[in-house]
Amino acid sequence: MPQTPSPSKREQLIHTALTLFSRYGFHATGIDLIAKESGVTKRTLYAHFGSKDELVVATLRHLDEQLRSYFLKHTNGACEDPKQRLLSVFDAAGFWFSEDNFFGCTFINAIGEYAESNDSIRQVCSEYKRLSREWIKGLCEQAGAPNPQQLSDELSLILEGAIVTAQVSPQLDAAAIAKRAATALVEQALKDA
């Protein structure tokens, strides 16, 4: 059986940085710790990333891909019914919230820490949120919502609230509560169709 290739130094740095940034925050996690935990020298780190901000951007882009793949996998395999597939977004969120490495939304955390600086970091965070809303809008369209943009905006807001609640409370049933609210919105939207 073929072996999985070991991650490159760049991938190793991104994975380590993501774990540390999620757990401790961006500003509290220094380059020295990332290099040490990755098993590389600072020189190697800077050979791959010209600055800590570049590493933050690369880490957020990697997380964007991970989360979108995670949610696609959980919703696409959930069921054939488009309405249930739309609502399964909240089931996927519930699984995510229960993971040991759930520390809330890293994108929201990044925006909080880089509130007035670094346009590239803010841009990656905004892009992730925009793509998430567009994906939910596509699910709303498939479900037959007459105003998929409005429903997507509402469901995205409920999902964001559930993420923050699960992070801060921590309230493990935040996704289930959000799903009940989302179900009411979806039922009303489809009734009006």
Side-chain angles (χ1 to χ4, degrees), residues 7 11-26 28-29 37 55-114 121-143 148 151-186:
E11 291 168 334
Q12 191 175 332
L13 285 162
I14 289 172
H15 289 283
T16 301
L18 177 57
T19 299
L20 295 171
F21 291 151
S22 297
R23 183 170 292 138
Y24 303 118
F26 293 91
T29 303
E37 293 292 317
L55 176 58
V56 169
V57 168
T59 301
L60 290 170
R61 285 193 175 128
H62 173 75
L63 180 60
D64 176 347
E65 291 174 17
Q66 274 189 324
L67 284 174
R68 283 194 284 136
S69 293
Y70 173 87
F71 275 93
L72 281 172
K73 180 179 122 192
H74 281 81
T75 56
N76 286 345
C79 60
E80 294 296 319
D81 178 46
K83 180 177 91 173
Q84 293 307 316
R85 190 176 314 118
L86 172 59
L87 292 170
S88 73
V89 168
F90 296 92
D91 297 327
F95 293 129
W96 178 38
F97 299 167
S98 67
E99 291 179 1
D100 289 338
N101 64 348
F102 175 74
F103 297 101
C105 179
T106 305
F107 298 95
I108 293 171
N109 297 342
I111 288 288
E113 289 197 48
Y114 292 93
I121 292 171
R122 294 182 65 78
Q123 186 176 29
V124 170
C125 295
S126 295
E127 180 71 4
Y128 169 76
K129 294 299 183 179
R130 184 187 65 75
L131 290 172
S132 295
R133 284 190 312 276
E134 283 182 10
W135 173 66
I136 292 174
K137 180 183 174 191
L139 292 174
C140 292
E141 290 169 347
Q142 292 170 19
L151 184 58
S152 171
D153 289 343
E154 293 166 346
L155 296 178
S156 295
L157 190 61
I158 290 172
L159 181 59
E160 292 294 335
I163 293 167
V164 172
T165 300
Q167 176 184 7
V168 174
S169 294
Q171 189 170 344
L172 294 179
D173 63 345
I177 294 168
K179 185 177 180 180
R180 287 195 299 270
T183 300
L185 283 172
V186 170

Identify the heavy atoms of [X] and [Y] that sit nearest to each other, and give their distance.
X	Y	value
Phe90	Ala182	CE1-CB, 3.4 Å
Cys79	Gln84	SG-CB, 3.2 Å
Ile163	Phe102	O-CZ, 3.9 Å

Legend entry - For Asp81, all residues meeting side chain to side chain donor-acceptor pair (under 3.5 Å), sequence neighbours excluded: none
Legend entry - Any pair counted as side chain to side chain donor-acceptor pair (under 3.5 Å), so long as it reaches residues 91-102, sequence neighbours left out: Asp91-Lys179
Legend entry - Summary of salt bridge (Lys or Arg N to Asp or Glu O under 4.0 Å) pairs that have at least one residue in residues 164-174, sequence neighbours excluded: none
Legend entry - Set of ring pair (Phe, Tyr, Trp, His ring centres under 6.0 Å) partners for Phe21, sequence neighbours left out: Phe26
Legend entry - Set of residues satisfying ring pair (Phe, Tyr, Trp, His ring centres under 6.0 Å) with respect to Phe95, sequence neighbours excluded: His74
Legend entry - For Lys83, salt bridge (Lys or Arg N to Asp or Glu O under 4.0 Å) partners two or more places apart: Glu187
Identify, with sequence neighbours excluded, every residue that meets side-chain contact (heavy atoms from CB on, under 4.5 Å) alongside [X].
X	result
Ala93	Phe71, Phe97, Leu159, Ala175
Ser69	none
Ser22	Leu18, Phe103, Thr106

Output a table of donor-acceptor pairs, distance under 3.5 Å, between side-chain atoms of residues 59-66 and any protein atom two or more places apart or on a different chain; print 'none' if there are none.
residue : atom : partner : partner atom : Å
Thr59   : OG1  : Leu55   : O            : 2.7
Asp64   : OD1  : Arg68   : NE           : 2.4
Asp64   : OD1  : Arg68   : NH2          : 3.0

Legend entry - Under 3.5 Å: donor-acceptor pair, side chain of Arg85, backbone of Glu80: yes
Can you give each donor-acceptor pair under 3.5 Å made by side-chain atoms of residues 126-134, sequence neighbours left out, with the distance rounded to 0.1 Å?
residue : atom : partner : partner atom : Å
Ser126  : OG   : Arg122  : O            : 3.1
Glu127  : OE1  : Arg130  : NE           : 3.2
Glu127  : OE1  : Arg130  : NH2          : 3.2
Glu127  : OE2  : Arg130  : NH2          : 2.6
Lys129  : NZ   : Glu160  : OE1          : 2.9
Lys129  : NZ   : Glu160  : OE2          : 2.7
Arg130  : NH1  : Glu134  : OE1          : 3.2
Arg130  : NH1  : Glu134  : OE2          : 2.2
Ser132  : OG   : Tyr128  : O            : 3.0
Arg133  : NH1  : Lys129  : O            : 3.4

